[in-house]
Amino acid sequence: MHVLLLGTAAGGGFPQWNCLCPVCRAARDDPAAAHPRTQSSIALSADGTRWFLCNASPDVREQLARLPLPLPLPLSDPRLPPGPEGTRERSPVRRVPIEGIVLTDAELDHSLGLALLREARDLRLWATEAVIRTLERDSRLLPVTRAFASVRVTELRVDSALELRDASDAPTGLEVEPFLVAGDPPRFATADEPGHSVGLLVRDRATGGRCAYVPACGALDPPLLARLADADLVLFDGTCWTDDELQALGIGTRGATEMGHLPISGPNGSLEPLSRLSAARVVYTHINNTNPILLEHSEARRAVERAGLTVGMDGMRFRL
Ligand code: MLT
Ligand code: MN
Ligand code: ZN
């Protein structure tokens with residue numbers, strides 16, 4: 001399985017357009033001291049040609065440019081997207097470099113990209129029932145996208161593995177299993193339903209390689225740690241370094257944990273338990289622009305690396 005980190009920043013990206021925190025200022029002064037990052041998303045493929053997006057960020061347009069645009073298809077090929085609404089015309093001029101999108105939640109930084117992919121005309125989406133309902137009813141991103149493209153939605157069930165199928169409905173050998181993580185639903189959600197936020201365990205049936213993608217997680221209990229211990233690669237919530245990071249800067253009233261993001265440092269932080277996962281490579285992603293691990297030469301960065309973990313960066317690739 002190929003895993004490509006498309007975006008490793010939290011909502012707002014890095015540096016954030018309106019932020020004057022020390023980390024954003026360092027990135028503007030010297031991008032070599034703190035590399036810019038786009039909003040959190042990954043791409044996965046078993047064969048290196050059929051790719052799936054996990055989360056569709058507002059930066060999706062720039063992110064998809066990292067994937068090879070497929071060659072034109074002959075007019076008879078069933079993978080050719082349908083023509084504009086009300087026509088039967090199919091054109092080989094347009095190709096989409098992804099087979100579909102899998103969502104971990106309906107937060108804006110993970111789902112606004114759906115509407116931005118409306119030119120695809122035909123999109124496939126995998127998400128839990130709670131996430132689908134929030135996209136239908138609350139953010140209305142699904143109805144808005146459907147005004148431009150057909151969206152084929154497949155429901156993911158918590159703790160149940162499902163094989164991803166490509167745009168022509170052929171199996172891909174990649175199976176995805178969502179699992180519950182602690183946290184609140186998006187602030188615009190009108191219901192708090194189980195499954196509003198999940199982590200994904202993705203397994204390549206041919207190689208047995210496993211990747212856990214957990215961009216938001218408010219608690220690390222022994223059952224979740226045991227699940228992560230099974231993965232070869234763990235991409236984990238690195239939103240904040242300290243629990244009071246946003247409060248200390250005067251830009252938030254709630255602690256990181258209260259917002260569904262376990263901090264990295266401190267007695268209840270994720271660094272210590274994740275450093276005990278012996279088999280897995282652990283990479284922090286969904287990193288908020290205030291987090292000092294973004295600074296190449298910070299003490300926080302050194303602490304992560306001393307513990308044997310990696311600070312994620314856009315463009316990183318893994319093969320499992
Ligand atoms: C989160 O990660 O908690 C959300 O994406 C917050 C936001 O809306 O930016
Ligand atoms: Mn987020
Ligand atoms: Zn900032």
Side-chain angles (χ1 to χ4, degrees), residues 5-31 33-42 53-60 63 102-115 127 130-131 134-135 138-139 141 181-190 192 196-200 213-219 235-264 270 284-296 298 300-301 312 314:
L5 305 197
L6 295 174
T8 53
F14 178 61
Q16 181 170 311
W17 65 282
N18 63 342
C19 192
L20 296 174
C21 80
V23 189
C24 283
R25 288 165 72 148
R28 280 190 208 98
D29 289 347
D30 179 10
H35 305 300
R37 286 161 166 85
T38 62
Q39 294 165 84
S40 106
S41 174
I42 63 172
L53 266 188
C54 292
N55 291 335
S57 95
D59 301 314
V60 69
Q63 292 172 337
V102 188
L103 296 180
T104 60
D105 53 60
E107 293 286 1
L108 293 178
D109 56 346
H110 290 157
S111 60
L112 270 175
L114 268 183
V131 169
T134 298
L135 295 171
D138 301 324
S139 70
L141 278 167
V181 290
D184 288 338
R187 64 170 81 182
F188 51 83
T190 51
D192 183 350
H196 60 70
S197 304
V198 295
L200 302 173
Y213 183 48
V214 195
C217 184
L235 305 170
F236 196 81
D237 183 345
T239 309
C240 288
W241 175 247
T242 55
D243 200 48
D244 68 348
E245 191 165 304
L246 301 184
Q247 293 146 311
L249 288 162
I251 52 181
T253 52
R254 294 190 302 163
T257 310
E258 275 180 282
M259 295 189 299
H261 298 292
L262 202 59
I264 296 174
S270 61
Y284 280 118
T285 188
H286 191 278
I287 307 166
N288 198 55
N289 58 79
T290 50
N291 189 330
I293 65 169
L294 291 168
L295 298 166
E296 297 291 314
S298 65
R301 168 69 66 90
D314 295 14

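Each ligand, and each atom within it, is numbered from 1 in the order the structure gives.
- Ring planes of Tyr284 and Phe236: perpendicular class, angle over 60° (limits at 30 and 60°).
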Go through Val181 and Asp105 one step at a time and tell me if the side-chain contact (heavy atoms from CB on, under 4.5 Å) criterion holds. CA-CA 11 Å; Val181 290; Asp105 53 60; over 6 Å; no

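- With hydrogens and angles disregarded, a donor-acceptor distance shorter than 3.5 Å links the side chain of Glu245 to the backbone of Asn291.
- In this structure, Trp241 and Pro263 approach most closely via the heavy-atom pair O-CB, 3.7 Å.
- A distance-only check finds no donor-acceptor pair linking the side chain of Asp59 to the backbone of Gly7 [under 3.5 Å].
- When all heavy atoms of Ala216 and Asp237 are compared, the closest pair comes out as CA-OD2, 3.3 Å.
- Partner of His286 under the side-chain contact (heavy atoms from CB on, under 4.5 Å) criterion, chosen from Asn55, Asp109, Thr8: Asp109.
- Between the side chain of Arg37 and the main chain of Gly312, a donor-acceptor pair closer than 3.5 Å is present.
- When heavy-atom distances to ligand 1 are checked against 4.0 Å, the residues falling inside are Glu107, Asp109, His261, His286, ordered by chain and number.
- Under the salt bridge (charged side-chain N to carboxylate O under 4.0 Å, His left out) criterion, no residue pair touches residues 14-25, with sequence neighbours excluded.
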Mind running side-chain contact (heavy atoms from CB on, under 4.5 Å) on Thr290 and Val23 for me, showing each step along the way? CA-CA 6 Å; Thr290 50; Val23 189; 5.5 Å; no

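- The closest donor-acceptor contact from the side chain of Thr38 to the backbone of Leu6 lies under 3.5 Å.
- Nearest approach of Ser57 to Ser40, heavy atoms of both residues: CB-O, 4.1 Å.
- For the Mn ion (ligand 2), the count of nearby protein N/O/S atoms, taking only those under 2.8 Å, is 2.
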Checking Leu246 against Met259 for the side-chain contact (heavy atoms from CB on, under 4.5 Å) test, could you report, in this order, the C-alpha distance in whole Å, the side-chain angles of both residues, the deciding distance, and whether it holds? CA-CA 11 Å; Leu246 301 184; Met259 295 189 299; 3.4 Å; yes

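- The tally of protein N/O/S atoms under 2.8 Å from the Zn ion (ligand 3) stands at 4.
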